[in-house]
Trainee: 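Sharing a structure here in structure tokens format.
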Amino acid sequence: MEQIYLLAQSLVEAREAKKNAEEAVKSINAGIEAIEAELVSLMMDDELTSFKRDGVLFSLVNKTHISAEPTRKDELWEAMKKQGYEHLFSINAQTLGGEIKRLMEDNEGVMPEWLDGLVKQFEKPSIRIKK
């Protein structure tokens, strides 16, 4: 029975360590976002698209984010199913966004009409770092 108690205590401690690590990651990610937003702003003010520092290239890029309109998800899934994309139903939002980007590329960069109003798209300036 002693081994059960020790393992139970280890499990509690491991879960607590995981929770603390997740909170630390959230905090670090918030810091990264704040620094990146300030760097983007300064680069835009100085009309810089890229610069090198200590052998690292920093480039200003726009990341396109696509997601389902929250109030119209059921309609989106029905439209996707009718177009033969039912295989996306168990795939995460990034994969869905990637597939929609591919559809747009195949449609001269324009959102296919059958997706109008069912997904939202926005671009967010970001920094790409290359060594």
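Heavy-atom basis, side chains included; hydrogens, waters and symmetry copies ignored.
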Trainee: Among Val110, Ile66, Leu115, Thr64, find the residue that satisfies the side-chain contact (heavy atoms from CB on, under 4.5 Å) test when tested with Met104.
Mentor: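 With Met104 as partner, side-chain contact (heavy atoms from CB on, under 4.5 Å) holds for just one option, Ile66.
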Trainee: Rounded to the nearest 0.5 Å, how far does OG of Ser27 lie from CD of Glu22?
Mentor: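 Glu22 atom CD to Ser27 atom OG measures 13.5 Å (nearest 0.5 Å).
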Trainee: Does atom CD of Glu38 have more than 12 heavy-atom neighbours, drawn from other residues, nucleotides or ligands, at distances under 6.0 Å?
Mentor: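 It does not: Glu38 CD has 12 such atoms or fewer within range.
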Trainee: When hydrophobic residues are tied together by side-chain contacts of less than 4.5 Å, even through go-betweens, does Met43 share a cluster with Val61?
Mentor: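 Met43 and Val61: separate clusters.
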Trainee: Taking C-beta and beyond as the side chain, do Ser59 and Thr49 meet within less than 4.5 Å on heavy atoms?
Mentor: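 Result no, sub-4.5 Å side-chain heavy-atom pair not found.
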Trainee: May I ask you to test the Leu76-Met80 pair for a side-chain heavy-atom distance under 4.5 Å?
Mentor: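 They are in contact (side-chain heavy atoms under 4.5 Å apart), so the answer is yes.
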Trainee: To the nearest 0.5 Å, how far apart are OH in Tyr85 and CG in Leu103?
Mentor: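 Result: 4.0 Å between the selected atoms.
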Trainee: Tell me, yes or no, whether the heavy-atom count around Glu13 atom CD, taken from other residues, nucleotides or ligands under 6.0 Å, exceeds 12.
Mentor: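 Check passes, neighbour count above 12.
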Trainee: Same hydrophobic cluster for Val40 and Ile35, using side-chain heavy-atom links shorter than 4.5 Å among ILVMFWY?
Mentor: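 No; Ile35 is not reachable from Val40 via cluster members.
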Trainee: Is there a side-chain contact between Lys52 and Phe58 in this structure, where contact means two heavy atoms from C-beta onward sitting under 4.5 Å apart?
Mentor: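 No, their side chains stay 4.5 Å or more apart.
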Trainee: Starting at CE of Met111, measure out to CG of Asp116 and round the result to the nearest 0.5 Å.
Mentor: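 Met111 atom CE to Asp116 atom CG measures 7.5 Å (nearest 0.5 Å).
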Trainee: CG/Leu39 to CD1/Ile32 distance, rounded to the nearest 0.5 angstrom?
Mentor: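 One gets 13.0 Å once the value is rounded to the nearest 0.5 Å.
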Trainee: Below 4.0 angstrom, N of the basic side chain to O of the carboxylate: do Glu105 and Arg102 qualify?
Mentor: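 Salt bridge absent between Glu105 and Arg102.
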Trainee: Going only through I, L, V, M, F, W and Y residues with side-chain contacts under 4.5 Å, is there a path from Ile129 to Leu60?
Mentor: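 Yes, it is one cluster - the side chains of Ile129 and Leu60 are joined through contacts under 4.5 Å.
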Trainee: Return the minimal non-hydrogen interatomic distance between Leu118 and Ala79, and the atom names on each side.
Mentor: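 Looks like CD1-CB, 3.6 Å.
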Trainee: CZ of Arg15 to CG of Leu11: how many Å apart, nearest 0.5 Å?
Mentor: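 Arg15 CZ to Leu11 CG: 4.5 Å, rounded to 0.5 Å.
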Trainee: Hey, what do you get for CD (Glu36) to OG (Ser41), rounding to the nearest 0.5 Å?
Mentor: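 Reported value, rounded in 0.5 Å steps: 12.5 Å.
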Trainee: So does Arg72 pair up with Glu75, basic N to acidic O under 4.0 Å?
Mentor: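 Yes, Arg72 and Glu75 are salt-bridged.
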